[in-house]
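Structure first, then comments.
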Amino acid sequence: MSKSTDSKESESQQSKQLPIYRHKAELIRAVKDSTFLLVTGETGSGKTTQLPKYLHRAGFCKDGKIGITQPRRVAAITVAQRVAQEMHCTLGKEVGYQVRFDDCTSQSTAVKYMTDGCLLREILADPVLSQYSVVILDEVHERSLNTDILLGLLKKMFSKPGKAAEGRSFPLKVVVMSATLETDKLSSFLGDCPVFTIPGRTFPVTSTFGFAVGPKDIESSGYVKEVVKVALDVHTSEKAGDILVFLTGQVEIERACDLLYEKAESIDYRYDVEDQTVEGLLILPLYGSMPTDQQRQIFQPPPSGIRKCVVATNIAATSLTINGIKYIIDSGFVKQLNHNSRVGMDILEVVPISKSEAEQRAGRAGRTSAGKCFRIYTKEFWEKNMPEYTVPEIQRTSLTAVVLTLKCLGVHDVIRFPYLDCPEERFILEALKQLYQFDAIDRRGRVTRLGELMVEFPLHPGLTRAVLKAASLGCQDLLLPVAAMLSVENIFIRPELCGVNTDVLLPSGHPEKQKEADEKHKALATKSGSMNDFATLLAVFQLCKSSGRPSAWCKDHWVHWRALKSAFSVETQLREILLRLQQKRDFPVDTYDGEKSELFRRCLCTGYFTNVARRSVGKVFCTMDGHGSMIHIHPSSSLFDHEGKLNWIIFHDVLVTSKVYVRTACPIRYEWVKDLLPKLHEVDVYELSSVAREEVTDEEMKKWETREAAKRQPEVSTEDVMKKLEKRNNETDVCDARARYLQRKQQRQQNKAP
DNA sequence: GAGCACTGC
């Protein structure tokens, strides 16, 4: 280390006070001595900002970069900013970051913060990470899908002696950083690697249990009422300090805010709590899709004498930090998207949080001083209904894209891949089946040329398939915007749910504006040529883009400008990827001689034939993918109320509330999917299971082909297929979810009654 | 005739 560097990067007093500072020399030694190192420490230990700095200074960047992954974009950016500042360098030079749409690195970048998804993309291009000398995975305890995959890949890289050295001229060091949870499990997963523990620096938070919400109340949302009661108790009896309430979603939050407003109004203000005067309560909702300008108040300190009460979703658990929070009120529930392989759908449902998540929520009260956490549920609920840890994402999500990524990385055996926690085998088999249906892998489980193209796109494989089909026909301009619009949050605003208390104690809600918004949205659907929700998305994209004043256009049409803006960026990115792939010689070229007006929907069919349904009776449709679930058209769809005229439809997504609804949909003709449908039933689980495990032998292939020939009968009529599928009605899980929803709804009505 | 949590490429 040169003298000038030393003085330039001399430790600031602030950094020296971090708990990690005392362990600096030992840590550097530990990284030198072993391939894998596990560093654990709670928030405030300084590991995220300081360790890369120490390693940089100790000469670890001599041969390659230090890469640090984060599960979230904002974290990657803000941490990089801080470290650049501490190292007295310009962001983007020695210290930089890379997240989607924002690469702030250069030739000279030695310390690179990035999202876990970015590193995974880099591995696809460079499987041995030849540019890195150290890779640090941060926040591993959060168990994000990408981090879990990276963990397995890095472990695998070193599983065979000498294998990791292939294609590299210097060794790779891997540091895994996590909160002090499941430390033994992680260490043993990484070949009993050394564990380095750094104490955290937070303030104590005392937690208490409630009496109201017990195991019997799981399925009702009576907890909203209870949360409001506890919040008011805190407001009137605890000393100064802001309140943070955790609920599950937007509608619930709005209701809680209204209730709070109502009750807070009747409080006789200017009362004293332990010598501190409280004059009012500022009630602020907080959830992800809220317009940014309305979020500003949340981070500002409240006026003197006023107590702030933020009612938030889980977004406040990890993604956002609000200063001044001293009291937490924890409902004990979260809304979670779980994949259900039995019905082949993703179901969004309210579930109890895990104990570790409850601790995480409580911890939000101890960032700046000692705090208190009021859990509204009983000790019994804690013991009987809350799991120790949250089920990792990899075990409750659709694995189609992940399996394709692994296969493209040469991980043929996706069942015996070293997962920290194995996903259920049927999830993997289902993913393989989908990939086969999309022609991304062949019968032997090998990635096809098409699969290699598909993996390049940051989209769901079905959507990618449709985009590639369109590109092969030269009509990508129809599909790229749609793909972009479907990968961002909902773009249609419903004003009723967007009301925010802009003044202290002001209720929300604009029922008359909702009608206006609905009418504007309907007009957009009609403008697009009617009865095709995909076409509506395309029309919104094009109309807004060509309007000249896009943000004003959005305001006028009740469209979410922030969402549409990000759709514009996504579309540009997808277009660039496509252009790059099209320059390769073997990019597929198709011909089309059908009706021009049908081209758009026929492209969609190649990606959505797994989401196909046929009307059975009245307004009810039956999915034709082998699950045979009964579905309805959502009232927000342009197909709604036209069911009688429809026969076959394809759809993008499913929502389970009072019914099983499909939202983005369009009518199709049976002939368009006829040739694709058999592919849905071609492969059986037995076959896929071997495909997943090992290379398939020629002998085995022959066996299947014979069996297939025997199975192949004269073409079955649609009616036969229908009957068969309707019989196999496997929708018990959806029924359960619906029952839970209805029960919650009933409970709410009871609560509302005077 | 309507109840979309949060991330990420």
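Each chain gets a letter, A, B and so on, in the order its sequence line appears, and its residues count up from 1. Any value given below was found using the heavy atoms of this structure, including those in side chains, with hydrogens, waters and symmetry copies removed.
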Can you tell me how far C1' of B:dC6 sits from CD of A:Gln336, to the nearest Å?
10 Å

If you check every side-chain atom of A:Thr313, which of B:dA2, B:dA5, B:dT7 has the closest atom?
B:dA5

Here's one to test your reading of the geometry: is the NZ or CZ of A:Arg361 within 45 degrees of the ring axis of A:Phe246 and under 6.0 Å from its centre?
yes

Atom pairs and distances, side-chain donor-acceptor, residues 113-123 of chain A, under 3.5 Å, sequence neighbours left out:
from, atom 1, to, atom 2, distance (Å)
A:Tyr113, OH, A:Thr48, O, 2.8
A:Asp116, OD2, A:Ser144, OG, 2.6
A:Asp116, OD2, A:Thr147, N, 3.4
A:Asp116, OD2, A:Thr147, OG1, 2.8
A:Arg121, NH1, A:Val455, O, 2.8
A:Arg121, NH1, A:Glu456, O, 3.4
A:Arg121, NH2, A:Val455, O, 3.4
A:Glu122, OE1, A:Tyr132, OH, 2.8
A:Glu122, OE2, A:Lys112, NZ, 2.8
A:Glu122, OE2, A:Tyr132, OH, 3.1

Gap between atoms CG and C1', on A:Leu486 and B:dG8 respectively (whole Å)
17 Å

B:dC6 C1' sits how many Å from A:Arg361 CZ, rounded?
12 Å

Just checking A:Asn146: base, sugar-phosphate only, or nothing, at a heavy-atom cut-off of under 4.0 Å?
nothing

Side chain of A:Ser658 only, please: which of B:dT7, B:dC9, B:dA2 is the nearest?
B:dA2

A:Leu655 vs A:Phe640, nearer the 5' end of DNA chain B by closest nucleotide
A:Phe640

Indicate whether OP1 or OP2 belonging to B:dA2 is found under 4.0 Å from a side-chain N or O atom of A:Ser636.
no

Atom pair distance, as rounded to whole Å: CD1 in A:Ile394 and P in B:dC6:
23 Å

Using whole Å, report how far CD of A:Glu489 lies from P of B:dT7.
9 Å

Atom pair distance, as rounded to whole Å: CG in A:Asp116 and C1' in B:dT7:
9 Å

Pair A:Glu252, A:Thr248: side-chain N/O donor-acceptor within cut-off below 3.5 Å
yes

With nearest nucleotide decided by heavy atoms, which residue, A:Val334 or A:Phe457, maps closer to the 5′ end of DNA chain B?
A:Val334

Regarding A:Arg375 and A:Ser331, do their side chains bring together a donor and an acceptor under 3.5 Å, going by distance alone?
no

From B:dC9, B:dC6, B:dG1, pick the nucleotide closest to the side chain of A:Pro635?
B:dG1

Tell me whether the side-chain N/O atoms of A:Arg73 come closer than 4.0 Å to OP1 or OP2 in B:dC9.
yes

So if I take every side-chain heavy atom of A:Glu393 and compare against B:dA2, B:dC9, B:dT7, which nucleotide ends up nearest?
B:dT7

A:Arg575 versus A:Gln476, side-chain donor and acceptor atoms under 3.5 Å
no

Looking at A:Tyr661, I'd like to know whether one of its side-chain N or O atoms comes within less than 4.0 Å of OP1 or OP2 on B:dA2.
yes

Determine the contact category for A:Arg100: base if any of its heavy atoms lies under 4.0 Å from a base atom, sugar-phosphate if only primed atoms, P, OP1 or OP2 are that close, otherwise nothing.
base

From NZ of A:Lys619 across to C1' of B:dA2 the rounded distance in Å is 13 Å

Using a cut-off of 4.0 Å on non-hydrogen atoms, how would the nucleic acid contact of A:Leu337 be classed: base, sugar-phosphate, or nothing?
base

Find the distance A:Leu348:CG to B:dT7:P and express it as a whole number of Å.
14 Å

Determine: side-chain N/O of A:Thr115 to OP1/OP2 of B:dC9, distance under 4.0 Å, yes or no.
yes

Can you sort out the partners of A:Phe457 under ring-ring contact (aromatic ring centres under 6.0 Å, His included), two or more places apart, ordered by chain and number?
none

